[in-house]
Visitor: 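Let me begin by handing over the structure; questions about it come next.
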Amino acid sequence: MFWEGFTNMTTLGKTLWIIVIIKLIFMFFILKPLFSPNYLNKNFKNDQDKANHVRKELIDKP
Amino acid sequence: MDFFNASSVVDWSRLQFAMTAGYHWLFVPLTLGLAVIMSVMETMYVRTGKEEWKHAAKFWMKLFGINFAVGVATGLILEFQFGTNWSNYSWFVGDIFGAPLAIEAIIAFFLEATFISIMFFGWNKVSKKAHLTATWLVTLGATLSALWILIANAWMQYPIGMEFNPETVRNEMVDFWAIALSPVAINKFFHAVVSGWGTGAAFVVAISAWFLIKKRHNDFALKSIQIGAIFGFISFVLLAITGDGSGYEVAQKQPMKLAAMEGLYEGKEGAGLVALGVLHPSKSDKSNYDDENDAFLFKIELPKLLSLMGYRNFNAFVPGIKDIIEGGYTLPDGTMALSFEEKKMRGEKAIKALANYQVAKEEGRNDEAAGFEAELQENFAYFGYGYLASPERTIPNVPLIFYSFRIMVMIGFYYILLFAMVWYFYYKKTLTANRWILYVSLWSLPLAYLAGQVGWIVAEVGRQPWAIQDILPVKVAVSSLEVGSVITSFILFAVLFSALLIADISIMLKQIKKGPEDTDTDSVY
């Protein structure tokens, strides 16, 4: 059923799949790594370092 | 903070989140609403065997599919931002935020993904009842997706079921059910989902009205408008009921938000609900919260209704902004409300205890560390107040919240009336003769979307300055980023979402112009 559904897809269905794929590629291969990286993962090696950083932020921010 | 004065990382991060959440909420409500309507129509088809219902269900299913495909995964942009812009928050909330989102991904997404294929490709491939089951399961999956993110959001408004671990600097979940079944979460879920139903109904009625205006596919449009008007009327009545429930929860858990929604500076017993009003401009400056000016230039008030809504008692005392800052009034649980200064003192104690705990731990003074931990836990409920320099920092943007709330409520009542009138004309078989109601139905559609947007403004701007109520202000939750990088990602997200919205609207308009198919085919795709 799935195979038949995909192979007989109308222009609308194909257009929507193209939009979904382009969107996901843009989100996960451009936006996420280049413009929206995880701040803690990028700057700290392990959970202890991350915890120390956040603790420092919480204590020093006032 | 407003758009034109945004300058800091926290301002731009908030704007970015508001912009992406706002765009995301253009896709979600239509998905939620159309899902139910197409499921109801297919149910009518299975029960009556009439092909017209099948054609109607397939047409709305097609528009659902377009909106779903374009909108799907746009919520992930919000999750990106938690890791980038709100890293202190993300770490601090620990598994409390992560667990509901993981459940959403595992259960709801896979439920949707699995059955959506059967729904679109399975016509004439599976039995009628199996197909109908798949359609309803898609609807259930879409609704469950909303459930888990709303539970996470509700926890930020009313943090419970957790314990702060000073060692890991994270809040750890100690009671999953307290979080999942919190009254704020339950109310928020029903209110948000039902608002999606209302938007879906407004959409179906508007598009059906367009077909009737154009005198095309009249039978289909009349069938659709019938379902849309009844479903819409029920949805907006339920919205009023759940809205009342939300008002009650806000009064109990976030009194400052309620005071801002009502422009209430001086508390009173038997407080009235402001139906219409114009706020005094001097109150735009938060430091004037205790000046002598009346909060309103003009207002029409419904006597005692605010006390009734907030405390289920016509004569209950509703604290105003000044009272909440000064404290000294009796809370619903019988205890005395603390002043801002007392809360700030406790918050500072908690922050200092966190610092001392760490030093004591590092120096091996474990007994002292235990004492500091106890002091931290004792004052943790006010942790966030330690970061606020002055009492006016606890006041959200009153004019924005006050007017947004009134716009939302007025649109809600407007739609109850509109759907009732559409149904009345349909019942009297005079709908097509009264073309004005068709035009009104069509051109009212943006109002349904506006109501959803301003509703979220009330909920989210209303809880400022908090990322987590009373515990973590947004200025501490934010990452130490360069403002330029936030502006860059803001622009990129805006471009992406705008492109998706344009694609969504243009593809849908093309399909709407084509209208429903009169002949059956194997698949709508």
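Values in this document were obtained by computation on a predicted structure and should not be read as measured data. Residue numbering restarts at 1 for every chain, and letters A, B, ... go by the order of the sequence lines.
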Visitor: Does a donor on one side chain and an acceptor on the other come within less than 3.5 Å for Gln81(B) and Ser36(A)?
Guide: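 No, because no side-chain N or O of Gln81(B) sits under 3.5 Å from a partner of the opposite role on Ser36(A).
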Visitor: More than 12 heavy atoms of other residues, nucleotides or ligands under 6.0 Å from NZ of Lys349(B): is that the case?
Guide: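 It does not: Lys349(B) NZ has 12 such atoms or fewer within range.
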Visitor: What part of Thr168(B) is in contact with chain A, defined as an atom under 4.5 angstrom from a non-hydrogen atom: side chain, backbone, both or neither?
Guide: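 For Thr168(B), the backbone is the part near chain A, not the side chain.
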Visitor: Mark yes or no for whether Arg170(B), through its side chain, and Ala51(A), through its backbone, hold a donor-acceptor pair below 3.5 Å.
Guide: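 Not confirmed, Arg170(B) side chain does not pair with Ala51(A) backbone.
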Visitor: Got a donor-acceptor contact below 3.5 angstrom from the Tyr39(A) side chain to the Asn88(B) backbone?
Guide: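 No: the side chain of Tyr39(A) does not pair with the backbone of Asn88(B).
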Visitor: Within a radius of less than 6.0 Å around NZ of Lys352(B), do more than 12 heavy atoms belonging to other residues, nucleotides or ligands occur?
Guide: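 Not more than 12 within 6.0 Å, no.
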Visitor: How long is the straight-line distance from CG of Leu34(A) back to OG1 of Thr488(B), given to the nearest 0.5 Å?
Guide: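 One finds 12.0 Å between OG1 of Thr488(B) and CG of Leu34(A).
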Visitor: Test your reading of the model: is there a side-chain donor-acceptor pair from Lys23(A) to the backbone of Ala73(B), 3.5 Å cut-off?
Guide: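 Flag not set: sc Lys23(A) to bb Ala73(B) has no pair under 3.5 Å.
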Visitor: Would you say Arg55(A)'s side chain and Gln358(B)'s backbone share a donor-acceptor pair under 3.5 angstrom?
Guide: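 The answer is no, because no donor-acceptor pair under 3.5 Å joins these two groups.
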Visitor: Against chain B, label Ile30(A) side chain, backbone, both or neither, depending on which of its atoms sit under 4.5 Å from a heavy atom there.
Guide: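 Neither part.
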Visitor: Among Leu16(A), Ile19(A), Thr15(A), find the residue that satisfies the side chain to side chain contact (heavy atoms under 4.5 Å, CB included) test when tested with Ile66(B).
Guide: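 Exactly one pass, corresponding to Leu16(A).
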Visitor: Between Ser90(B) and chain A, with a heavy-atom cut-off of 4.5 Å, which part of the residue counts as in contact: side chain, backbone, both or neither?
Guide: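 Neither part, no heavy atoms under 4.5 Å.
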Visitor: Below 4.5 Å, heavy-atom pairs only: which of Ser479(B), Ala477(B), Ala389(B) has the largest tally toward chain A?
Guide: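 Among Ser479(B), Ala477(B), Ala389(B), the one with the most close pairs to chain A is Ser479(B).
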Visitor: Is Glu363(B) atom CD crowded by more than 12 heavy atoms from other residues, nucleotides or ligands, each under 6.0 Å away?
Guide: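 Counting other residues, nucleotides and ligands, CD of Glu363(B) exceeds 12 neighbours.
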Visitor: Which atoms of Leu500(B) come close to chain A, meaning under 4.5 Å heavy atom to heavy atom: side chain ones, backbone ones, both, or neither?
Guide: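 For Leu500(B), the side chain is the part near chain A, not the backbone.
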Visitor: Would you tabulate the side-chain donor-acceptor contacts of residues 503-510 of chain B under 3.5 Å, counting partners in other chains and residues two or more places apart, or write 'none'?
Guide:
from      : atom 1 : to        : atom 2 : distance (Å)
Ser506(B) : OG     : Ile502(B) : O      : 2.8
Ser506(B) : OG     : Ala503(B) : O      : 3.2

Visitor: What I'd like to find out is whether the side chain of Leu58(A) reaches to under 4.5 Å of the side chain of Ile351(B), using heavy atoms alone.
Guide: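 No - every pair of side-chain heavy atoms lies 4.5 Å or more apart.
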Visitor: Pick one of side chain, backbone, both or neither for Asp47(A), based on which atoms fall under 4.5 Å of a heavy atom in chain B.
Guide: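 Backbone plus side chain of Asp47(A), per the 4.5 Å heavy-atom cut-off to chain B.
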Visitor: Mind checking whether Phe28(A) and Phe80(B) have ring centres under 6.0 Å apart?
Guide: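 Ring-ring flag for Phe28(A)/Phe80(B): true, centres closer than 6.0 Å.
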Visitor: Nearest 0.5 Å please: distance from the CZ atom of Phe26(A) over to the CG atom of Leu492(B).
Guide: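 One finds 5.5 Å between CZ of Phe26(A) and CG of Leu492(B).
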Visitor: Side chains of Leu31(A) and Leu496(B), heavy atoms from C-beta outward: is any pair under 4.5 Å?
Guide: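 Of all side-chain heavy-atom pairs linking Leu496(B) with Leu31(A), at least one is under 4.5 Å.
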Visitor: Take Glu57(A) and Val476(B) through the side chain to side chain contact (heavy atoms under 4.5 Å, CB included) test and state the conclusion after the steps.
Guide: CA-CA 7 Å; Glu57(A) 289 272 294; Val476(B) 185; 5.6 Å; no
Visitor: About how many Å separate OG of Ser87(B) and NE2 of His53(A), when rounded to the nearest 0.5 Å?
Guide: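 Nearest 0.5 Å value for the NE2-OG distance: 5.5 Å.
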Visitor: Roughly how far apart are Gln511(B) CD and Leu12(A) CG, rounded to 0.5 Å?
Guide: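 Reported value, rounded in 0.5 Å steps: 4.5 Å.
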